[in-house]
J.: 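One structure coming up, written as structure tokens, with questions to follow.
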Protein chains: 2
Amino acid sequence: MFKPDKDIHDLPRRSVSFKAGDVVIAEGDIAESVYMIESGWAIEYRLLDDGRRQILNFLVPGDHIGLQAISMKTASYSVCVVVDSRLQKMTPDSFLRALKKNPKLVECLWHTSMKDLSIAREQVVRLGRMSAIERIAHMLLEINARLKKSSGVNDNYVGIKIPQALLADALGLSVVHVSRTITKLQKLGLIRTGEKGIEILNYNEMSRLCGFEDNYLMDPDIQRVA
Amino acid sequence: MFKPDKDIHDLPRRSVSFKAGDVVIAEGDIAESVYMIESGWAIEYRLLDDGRRQILNFLVPGDHIGLQAISMKTASYSVCVVVDSRLQKMTPDSFLRALKKNPKLVECLWHTSMKDLSIAREQVVRLGRMSAIERIAHMLLEINARLKKSSGVNDNYVGIKIPQALLADALGLSVVHVSRTITKLQKLGLIRTGEKGIEILNYNEMSRLCGFEDNYLMDPDIQRVA
DNA sequence: CGTATTCTTGACCGTGCTCAAGTCCCGTGG
DNA sequence: CCACGGGACTTGAGCACGGTCAAGAATACG
């Protein structure tokens, strides 16, 4: 089977370090480089005038940063790494040159964007029609699924330590309520929080609780267009 | 300037009629045709097991239906037309043939998808961090902006009659609360509801209320990659 | 060892939900 | 032409989910 990311991975790039909290792309920036996360993790977010923050997505190793900025004139949201991270940077020049030379690369980017779109839409469902406990369970299951794909390790463990303030801003909740709800999930025996992440103790019960199905994370059907 | 949709518009297609309420694509369907709305309008939505519905997006003339199904194996959401509508249908065969023959078309699709992604992300911000009145104001301004672009008519009028139940399911609110909030917007002198749509009486004040900026609806910067 | 950050817990409050009744409008059939 | 019925909207009353404020515990860090 055709490997979707193959062409993207052939691009010229170099590894760059970012410190926890560093902003990689800020809202309003004109398109700069495109990155791929090698290690660490990041968030995409938007800030409202009065300081409210909405996290749009968590980015884990293998995910791309700044793809949209290639297509739109300016970035409509910011991206920052949450922990010390290593990113693979593709310079805009080499990136655009490669795009022109290799039409298949554009196809690749399209598929990557489609997956992002699926993820964004699932986030809409979470925020619009799920209760607090469902939102948190669903989010944890999504991150677990995406980490599994990127690492290849098939456990029921969310191996990144996500501050509750970030979960709150991602899920449209207050920090206090996130704390209470996570406690509730623990008392239900569904998860266990630890030093380095969260363990999912009862995957089936957890999925049932929030109606989680991972098909929206499915790899694009490359063969259709390739 | 390069017209983004030019190539898409050159595809072979035929006009098809749908009656109000007809489902064009159902969740779980394997990719069928791709459509473009000629007249009328539609919604993209997901249903949860217990009947809750989340509307992901409103689709107006010029918007595409089923693009994502080309890339993913099955549709992860449904689309139905809300009023009697006319859609331009591209058969999957001719569509895929055209895709293979014309690499630029894929580029076009990518940009279209990027705009969808922008819209989905703005929907996330609405649901996650805006109050009921902000959500409604913001949604109305977005639809107004998109209708302006597709029709070319530059007025402050939302010329489609959106049932409040749909606004509720789009904005994560109850029908009752949508009713109350629209009443409030009218009492504030910001909008006026009518037979065939909603008039925006005070565009500036309305934008200020919800922090609406239309830059996320900006056309993709095609020249960058073309 | 002191300070800052994150998490927890309690008490109270408010936005928005639910339930319910009533109005308005329009299409349909008697 | 009017009676009926259904759908969309409105309005009121009470309630609940989740927010806010505040204080304290636990943890990390310089």
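Naming convention: chains lettered A, B, ... in sequence-line order (proteins, then strands); numbering from 1 in each chain. The analysis underlying the following values was restricted to heavy atoms, covering all of them including side chains, and did not include hydrogens, waters or symmetry mates.
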J.: Nearest to the side chain of A132(B) - dT20(D), dG16(C), dT10(D)?
T.: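 The answer is dG16(C), which lies nearest to the side chain.
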J.: Could you state the atom-to-atom distance from CG of L167(B) to P of dG16(C) in whole Å?
T.: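 Rounded to the whole Å, the gap is 15 Å.
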J.: Looking at dG18(D), dA11(C), dC26(C), which one has an atom nearest to any side-chain atom of R180(A)?
T.: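 Of the options given, the side chain of R180(A) lies nearest dA11(C).
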J.: Between S179(A) and dT8(C), is there a contact of a side-chain N or O with OP1 or OP2 at under 4.0 Å?
T.: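 Affirmative; the distance criterion is met.
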J.: Does one side chain, of Q54(A) or Y77(A), offer a donor that lies under 3.5 Å from an acceptor on the other?
T.: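 Note: Q54(A) and Y77(A) side chains miss the donor-acceptor criterion.
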J.: Of G172(B) and T193(A), whose closest DNA chain C nucleotide lies nearer the 5' terminus?
T.: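 Its nearest nucleotide being more 5', the pick is T193(A).
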J.: Under the side chain to side chain contact (heavy atoms under 4.5 Å, CB included) rule, what do Q123(A) and L56(A) come out as? Steps first, then yes or no, please.
T.: CA-CA 8 Å; Q123(A) 170 79 331; L56(A) 303 166; 6.0 Å; no
J.: So, W110(A) and S113(B): side-chain donor and acceptor under 3.5 Å apart, yes or no?
T.: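 Note: W110(A) and S113(B) side chains meet the donor-acceptor criterion.
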J.: Under 4.0 Å, counting only non-hydrogen atoms across every strand here, what does I182(A) touch: a base, just sugar-phosphate, or nothing?
T.: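 Nothing, no heavy atom under 4.0 Å.
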J.: dT15(C) P sits how many Å from I136(B) CD1, rounded?
T.: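 Going from CD1 in I136(B) over to P in dT15(C) covers 15 Å.
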J.: Considering only side-chain heavy atoms of H177(B), which listed nucleotide, dG19(D), dG16(C), dT9(C), is closest?
T.: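 In terms of side-chain proximity for H177(B), the closest of dG19(D), dG16(C), dT9(C) is dG16(C).
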J.: Mind calculating the distance between CG (L173(A)) and P (dT20(D)) to the nearest angstrom?
T.: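 Going from L173(A) (CG) to dT20(D) (P), I get 11 Å.
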J.: Angle between ring planes, Y216(B) versus H138(B), binned at 30° and 60°: parallel, tilted or perpendicular?
T.: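 Taking H138(B) first and then Y216(B), their aromatic rings lie parallel (interplane angle under 30°).
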J.: Tell me which nucleotide among dC9(D), dT9(C), dT10(D) gets nearest to the side chain of T183(B).
T.: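 Closest nucleotide among those given: dT10(D).
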J.: Return the value, rounded to whole Å, for the distance between atom CD of E195(B) and atom P of dA8(D).
T.: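 It is 15 Å, rounded to the nearest whole Å.
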J.: Any side-chain N or O of Q164(B) less than 4.0 Å from the OP1 or OP2 oxygen of dT10(D)?
T.: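 So the side chain of Q164(B) is within the cut-off, an N or O lying under 4.0 Å from OP1 or OP2 of dT10(D).
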J.: Taking the side chain as every heavy atom from C-beta outward, state whether E44(A) and V124(B) have any atom pair closer than 4.5 Å.
T.: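 E44(A) does not reach V124(B) side chain to side chain.
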J.: Please tell me which of the listed nucleotides, dC21(D), dG18(D), dG19(D), lies nearest to the side chain of S174(A)?
T.: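 Shortest atom-to-atom distance from the side chain points to dG19(D).
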J.: Reading DNA chain D from 5' onward, which residue's closest nucleotide shows up sooner: S131(A) or I162(B)?
T.: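 This one resolves to I162(B).
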